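What follows is a single structure, written as structure tokens, with notes after it.
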Amino acid sequence: MNRAGGTLRQLAAHEGRWMASLARWVTRRRDGTAPGERALPYAAAQAALVYGLTFVCAVETAGVHVLLGGVPVARAVLLVVDVYTVLMLLGFQAAVTRPHVLGAEVLRLREGARTEVRIPVERIVSVRYDLRFTKEPAKKPAKGRGVPADADGEPGGGGVAELAVGGQTSVTLELAGPVEVVRLLGRCERVRTVRFHADDARGAVAAVRARMRERERTAPGDDVPEEPGRGAVRPG
């Protein structure tokens with residue numbers, strides 16, 4: 001019962017997120033992008049498919065409305081269902097209001113209203129342009145990258161998370177330590193390889209690499225400078 005209740009809460013939260021995304025889409029606002037952070041859009045790859053399905057659903061709604069003219073109850077029920085379906089499809093495309101966000105310390109990866117993964121920049125070992133369809137076998141990283149291995153010696157040490165758009169990903173991250181990915185129905189994964197899609201994948205790779213270099217330059221060193229007047233104490 002508790003598990004069913006948790007699933008219902010997850011679904012209700014998802015419904016609220018895509019409805020809020022739809023409202024932001026209408027008002028041309030973005031979610032979660034603060035000053036100094038860079039938005040990395042990803043929804044363009046699915047736009048043609050979503051708009052095509054929306055058009056088909058709209059035509060089907062009009063046709064059913066005419067065909068069921070003599071059955072008002074059935075027509076009203078199906079009208080509500082069809083309108084909800086059209087809104088849900090548009091809410092799916094409203095993911096444009098929830099882009100990936102690259103901040104000074106954290107890279108937030110989104111999959112529309114379904115998933116959000118927070119990856120500390122300091123945990124990123126490598127990032128590369130890597131166009132592939134989902135569930136393709138992973139390419140082994142080049143030697144010398146320092147990617148941790150799991151018990152079987154495979155890179156990633158715990159699995160791969162794919163945040164695909166249009167059935168493909170275009171950027172691959174290798175991490176120094178695992179991060180948690182919580183899926184729509186509450187399933188939790190710990191992964192060290194994350195693949196995601198960005199409209200400008202090469203630009204996203206360059207931006208993440210630049211942020212990694214900035215992080216390395218500003219990271220405190222291991223040696224603590226000696227304070228003035230705090231030298232070794234000599235016996236009197």
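The model shown is predicted, which means the values in this text are computed figures rather than measured ones.
Electrostatic pairing of Arg215 and Glu105 counts as a salt bridge here, judged by a charged N lying under 4.0 Å from a carboxylate O. We find that Arg29 and Asp31 are not joined by a salt bridge, their nearest charged nitrogen and carboxylate oxygen being 4.0 Å or further apart.
Taking CD of Glu122 as the reference point, atom CE of Met212 lies at 11.5 Å (rounded to 0.5 Å). Note: His100 NE2 to Glu111 CD = 9.0 Å, rounded to the nearest 0.5 Å. Going from atom SG of Cys57 over to atom CG of Leu90 covers 9.5 Å, rounded to the nearest 0.5 Å. Expressed to the nearest 0.5 Å, how far CZ of Arg195 lies from CD of Glu174 amounts to 8.0 Å. Taking CZ from Arg217 and CZ from Arg213, the interatomic distance works out to 7.5 Å, rounded to the nearest 0.5 Å.
Residues Ser170 and Ala198 come closest through the heavy atom pair OG-N, 3.3 Å. Scanning all heavy atoms of the two residues, the minimum distance from Arg211 to Gly103 falls at NE-O, 3.1 Å. Heavy-atom minimum distance, Pro120 versus Val179: CD-CG1, 4.4 Å. Scanning all heavy atoms of the two residues, the minimum distance from Pro178 to Arg190 falls at CG-NH2, 3.1 Å.
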Side chains of residues 67-89: which donor-acceptor partners sit under 3.5 Å, not counting sequence neighbours?
{"residue": "Tyr84", "atom": "OH", "partner": "Glu15", "partner atom": "OE1", "Å": "2.5"}
{"residue": "Tyr84", "atom": "OH", "partner": "Glu15", "partner atom": "OE2", "Å": "3.2"}
{"residue": "Thr85", "atom": "OG1", "partner": "Val81", "partner atom": "O", "Å": "2.9"}

Table please: side-chain donor-acceptor pairs of residues 39-53 below 3.5 Å, with sequence neighbours left out.
{"residue": "Tyr42", "atom": "OH", "partner": "Arg98", "partner atom": "O", "Å": "2.7"}
{"residue": "Tyr42", "atom": "OH", "partner": "Gly112", "partner atom": "N", "Å": "3.0"}
{"residue": "Gln46", "atom": "NE2", "partner": "Phe92", "partner atom": "O", "Å": "3.3"}
{"residue": "Gln46", "atom": "NE2", "partner": "Gln93", "partner atom": "OE1", "Å": "3.3"}

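Residues Val127 and Leu131 fall within the same hydrophobic cluster, defined by Ile, Leu, Val, Met, Phe, Trp and Tyr side chains chained together at heavy-atom separations under 4.5 Å. Val125 and Val106 end up in different hydrophobic clusters when Ile, Leu, Val, Met, Phe, Trp and Tyr side chains are linked at under 4.5 Å. By the rule that hydrophobic residues join a cluster once side-chain heavy atoms approach within less than 4.5 Å of another member, Val101 and Val171 end up as members of separate clusters. At a threshold of 4.5 Å between side-chain heavy atoms, the hydrophobic network of Ile, Leu, Val, Met, Phe, Trp and Tyr places Leu107 and Val205 in one connected group. Both Leu175 and Phe196 are assigned to one and the same hydrophobic cluster, defined by single-linkage of ILVMFWY side chains at heavy-atom distances under 4.5 Å.
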Test log, rule side chain to side chain contact (heavy atoms under 4.5 Å, CB included), inputs Arg30 and Arg24:
CA-CA 7 Å; Arg30 281 179 171 170; Arg24 281 190 294 269; over 6 Å; no
Test log, rule side chain to side chain contact (heavy atoms under 4.5 Å, CB included), inputs Val191 and Val160:
CA-CA 6 Å; Val191 302; Val160 179; 5.9 Å; no
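In this structure, the side chains of Arg192 and Val194 stay at 4.5 Å or more apart for every pair of heavy atoms. Side-chain contact between Gln168 and His197: present, with at least one pair of heavy atoms (C-beta onward) separated by less than 4.5 Å. At least one side-chain heavy atom of Arg108 sits under 4.5 Å from a side-chain heavy atom of Glu116. When side chains are defined from C-beta on, Arg114 does not count as touching Leu163, because their heavy atoms never get closer than 4.5 Å.
Atom OH of Tyr129 sits in a crowded spot, with more than 12 heavy atoms from other residues, nucleotides or ligands closer than 6.0 Å.
Residues Thr169 and Glu162 have side chains that never bring a donor and an acceptor to within less than 3.5 angstrom of each other.
For the side-chain contact (heavy atoms from CB on, under 4.5 Å) criterion with Leu109, the lone passing option out of Leu102, Thr115, Leu173 is Leu173.
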